[in-house]
Trainee: 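Handing you a structure now.
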Amino acid sequence: EALKASPSIRLVVTPQTEVIQSAVIGDRKIVLEDHLATPSLPEGLRFLRGVDVRRVVDLAGEHDQVPDLFESYNRACPPVPLPDFLGALSVLLAKDVLRNDAVC
């Protein structure tokens with residue numbers, strides 16, 4: 001709701017966000033990949049609803065509108081539906097990975 005009400009966004013990574021290594025299965029073997037973690041997300045997160053949240057965080061600071069961020073993500077990664085992207089973005093905000101510092 002806060003994103004909808006804001007005329008623009010300025011998403012920043014919160015100070016408590018850290019990158020942790022977590023094991024995943026890739027090409028039939030276990031590999032370590034970077035996941036985003038915060039105190040409210042201690043196990044870390046890499047994908048949510050098919051959205052690469054690490055890539056969303058990498059792109060977030062480059063855009064001041066959610067539609068622009070969504071388009072940029074879909075150019076950089078396999079395209080995802082808007083509801084899945086917004087759901088992942090909402091979780092990143094709720095779990096204190098990102099913060100919107102835009103002035104309302």
Side-chain angles (χ1 to χ4, degrees):
E1 291 301 316
L3 286 179
K4 284 183 189 178
S6 182
S8 67
I9 59 172
R10 192 172 73 138
L11 299 176
V12 295
V13 178
T14 61
Q16 64 265 26
T17 299
E18 59 183 327
V19 177
I20 62 170
Q21 293 282 300
S22 188
V24 298
I25 297 175
D27 293 330
R28 298 196 295 186
K29 59 184 168 182
I30 297 173
V31 296
L32 292 175
E33 285 190 359
D34 290 344
H35 286 60
L36 299 172
T38 64
S40 63
L41 193 64
E43 68 280 0
L45 183 65
R46 178 58 193 256
F47 289 93
L48 181 63
R49 299 178 75 171
V51 177
D52 182 341
V53 295
R54 180 76 197 265
R55 191 69 177 129
V56 172
V57 169
D58 290 344
L59 295 168
E62 301 173 13
H63 303 283
D64 62 0
Q65 299 292 322
V66 173
D68 296 337
L69 176 57
F70 175 65
E71 286 180 27
S72 179
Y73 177 86
N74 279 335
R75 281 193 305 273
C77 299
V80 296
L82 180 59
D84 291 344
F85 180 83
L86 293 176
L89 184 58
S90 295
V91 169
L92 292 173
L93 289 161
K95 295 294 185 178
D96 297 319
V97 174
L98 290 174
R99 176 181 68 229
N100 184 14
D101 279 353
V103 177
C104 295

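Every value quoted in this text rests on a predicted model; they were computed, and no experiment measured them.
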Trainee: How close do Leu69 and Phe85 get, heavy atom to heavy atom, and via which atoms?
Mentor: CG-CZ, 3.7 Å
Trainee: Nearest heavy-atom pair of Thr38 and Asp96: which atoms, and what distance?
Mentor: CG2-O, 3.5 Å
Trainee: Hey, does the side chain of Gln16 reach the backbone of Ala37 with a donor-acceptor pair shorter than 3.5 angstrom?
Mentor: no
Trainee: For residues Phe47 and Val57: do they belong to one hydrophobic cluster (side chain heavy atoms under 4.5 Å, members Ile, Leu, Val, Met, Phe, Trp, Tyr)?
Mentor: no
Trainee: Counting C-beta onward and ignoring hydrogens, is there a side-chain heavy-atom pair between Val12 and Leu98 closer than 4.5 Å?
Mentor: no
Trainee: Examine Leu48 and Leu82 and state if one hydrophobic cluster contains both, with Ile, Leu, Val, Met, Phe, Trp and Tyr joined whenever side-chain heavy atoms are less than 4.5 Å apart.
Mentor: yes
Trainee: Rounded to the nearest 0.5 Å, what separation is found between the OG atom of Ser72 and the CD atom of Glu62?
Mentor: 6.0 Å
Trainee: For the CG atom of Leu45 and the NZ atom of Lys95, what is their distance to the nearest 0.5 Å?
Mentor: 9.5 Å
Trainee: When rounded to the nearest 0.5 angstrom, what distance separates NE2 in His35 from CG in Leu32?
Mentor: 9.5 Å
Trainee: Main chain of Val80, side chain of Asn74: is a donor-acceptor contact present, judged purely on distance under 3.5 Å?
Mentor: yes
Trainee: Looking only at heavy atoms, which two atoms of Ser6 and Asn100 are closest? And how far apart?
Mentor: OG-ND2, 4.0 Å
Trainee: To the nearest 0.5 Å, what is the distance between CZ on Arg54 and CG on Leu36?
Mentor: 6.0 Å
Trainee: Are the side chain of Ser90 and the backbone N or O of Leu86 linked by a donor-acceptor pair below 3.5 Å?
Mentor: yes
Trainee: Indicate the atoms forming the closest heavy-atom contact of Ser8 with Ala102, along with that distance.
Mentor: O-CB, 3.2 Å
Trainee: Of all heavy-atom pairs between Tyr73 and Leu59, which one has the smallest distance, and what is that distance?
Mentor: CA-CD1, 3.6 Å
Trainee: Looking only at heavy atoms, which two atoms of Ile20 and Glu43 are closest? And how far apart?
Mentor: CD1-O, 3.7 Å
Trainee: With side-chain contact (heavy atoms from CB on, under 4.5 Å) as the test, would you mind laying out the steps for Val53 and Val97 before giving the verdict?
Mentor: CA-CA 10 Å; Val53 295; Val97 174; over 6 Å; no
Trainee: State whether the side chain of Arg46 and the backbone N or O of Asp34 hold a donor-acceptor pair below 3.5 Å, judged by distance alone.
Mentor: yes
Trainee: Could you give the distance from CZ (Arg99) to CG (Leu11), rounded to the nearest 0.5 Å?
Mentor: 10.5 Å
